[in-house]
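Working notes, beginning with the structure itself.
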Amino acid sequence: MASLPKKIVIVEDNPFNMELVHDILAIKGYDIYEAVDAEQGIEMIAKIKPDLVLMDIQLPGMDGIEATRIIKSQEATKDIPVIAVTANAMKGDREEIISKGFDDYISKPIEISVLTEKVEEFLK
């Protein structure tokens, strides 16, 4: 029996980045769910219980750091891996981002190979 496709929630307010990530992952056969802000993302994640979350840091209103803190503080969603997607990629940022509760991060501009490798790493 074939296993069900893995579910990924993308929380991203930039339409270009959303479309890019969505298209890359949809081609790979994942079920993709989209949220354009943190509140919508938190609600969607609680409902869907995805296998992975890709979280933009810079979001309108609540940022991705606060959203991830909420996701990781709830019993039902605390074990879902959350990968930060951020333009803030300087030396030392990975440690900073991991210390805020993220499981890993991908820097923008998004490199397709890095995105697919990270996603596959977390979903295997």
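One is the number of the first residue; the rest follow in order along the sequence. Computed from a prediction, not measured in an experiment: that's the story for all the values here.
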Just wondering, more than 12 heavy atoms not from E111 lying within 6.0 Å of its CD?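 Not buried by this count: 12 neighbours or fewer within 6.0 Å.
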Starting from F16 and following side-chain heavy-atom contacts under 4.5 Å between hydrophobic residues (I, L, V, M, F, W, Y), which residues can be reached?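 None; F16 is a cluster of one.
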Nonpolar side-chain network containing L20, other nodes, edges under 4.5 Å: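 L20 clusters with I8, I10, M18, V21, I24, L25, Y30, I32, L52, L54, I83, V85, I106, I110, I112, V114, L115, V119, F122, L123.
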Let me confirm one number: the CD1-OG1 distance from I71 to T77, rounded to the nearest 0.5 Å.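 If we round to the nearest 0.5 Å, I71:CD1 and T77:OG1 are 6.5 Å apart.
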Hey, could you give me the CG/CD1 distance between D93 and I57, rounded to the nearest 0.5 Å?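 One finds 9.5 Å between CG of D93 and CD1 of I57.
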Quick check: closest heavy atoms across T68 and F102, and the distance to 0.1 Å?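 Closest heavy-atom pair between T68 and F102: OG1-CE2, 3.0 Å.
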Identify the two heavy atoms, one from T86 and one from I97, that lie closest to each other, and give their separation to 0.1 Å.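 In this case the closest contact between T86 and I97 is CG2-CD1, 3.6 Å.
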Sequence neighbours excluded, which residues qualify as side-chain hydrogen bond (donor to acceptor under 3.5 Å, both in side chains) partners of [X]?
X    : value
E95  : none
K118 : D104
D63  : none
K100 : E96

Is there any salt bridge (Lys or Arg N to Asp or Glu O under 4.0 Å) pair reaching into [range], and which pairs are they, with sequence neighbours excluded?
range          : result
residues 30-53 : none
residues 67-82 : E66-R69, K72-D103, E75-K78
residues 18-30 : K28-E120

pair L59-E12: side-chain heavy atoms closer than 4.5 Å: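 A side-chain contact is absent here, since even the closest heavy-atom pair is not under 4.5 Å.
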Is there a side-chain contact between V53 and P81, using heavy atoms and a 4.5 Å cut-off?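 With C-beta onward as the side chain, the pair stays apart.
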State which residues pass side-chain contact (heavy atoms from CB on, under 4.5 Å) with A67; sequence neighbours excluded, sorted by chain then number.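 Per chain and number, A67 pairs via side-chain contact (heavy atoms from CB on, under 4.5 Å) with A38, I42, M55, M62.
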Using side-chain contact (heavy atoms from CB on, under 4.5 Å) as the criterion, list what pairs up with S73, not counting sequence neighbours.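 Listed in chain order: nothing, the list is empty.
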Any chain of hydrophobic side-chain contacts (each under 4.5 Å) joining V36 to V9?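 No; V9 is not reachable from V36 via cluster members.
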Would a single hydrophobic cluster contain both I70 and Y33, if residues Ile, Leu, Val, Met, Phe, Trp and Tyr are joined by side-chain heavy-atom contacts under 4.5 Å?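 Same cluster.
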Test your reading of the model: is there a side-chain donor-acceptor pair from N14 to the backbone of N17, 3.5 Å cut-off?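 Side chain of N14 to backbone of N17, a donor-acceptor pair under 3.5 Å: yes, one is there.
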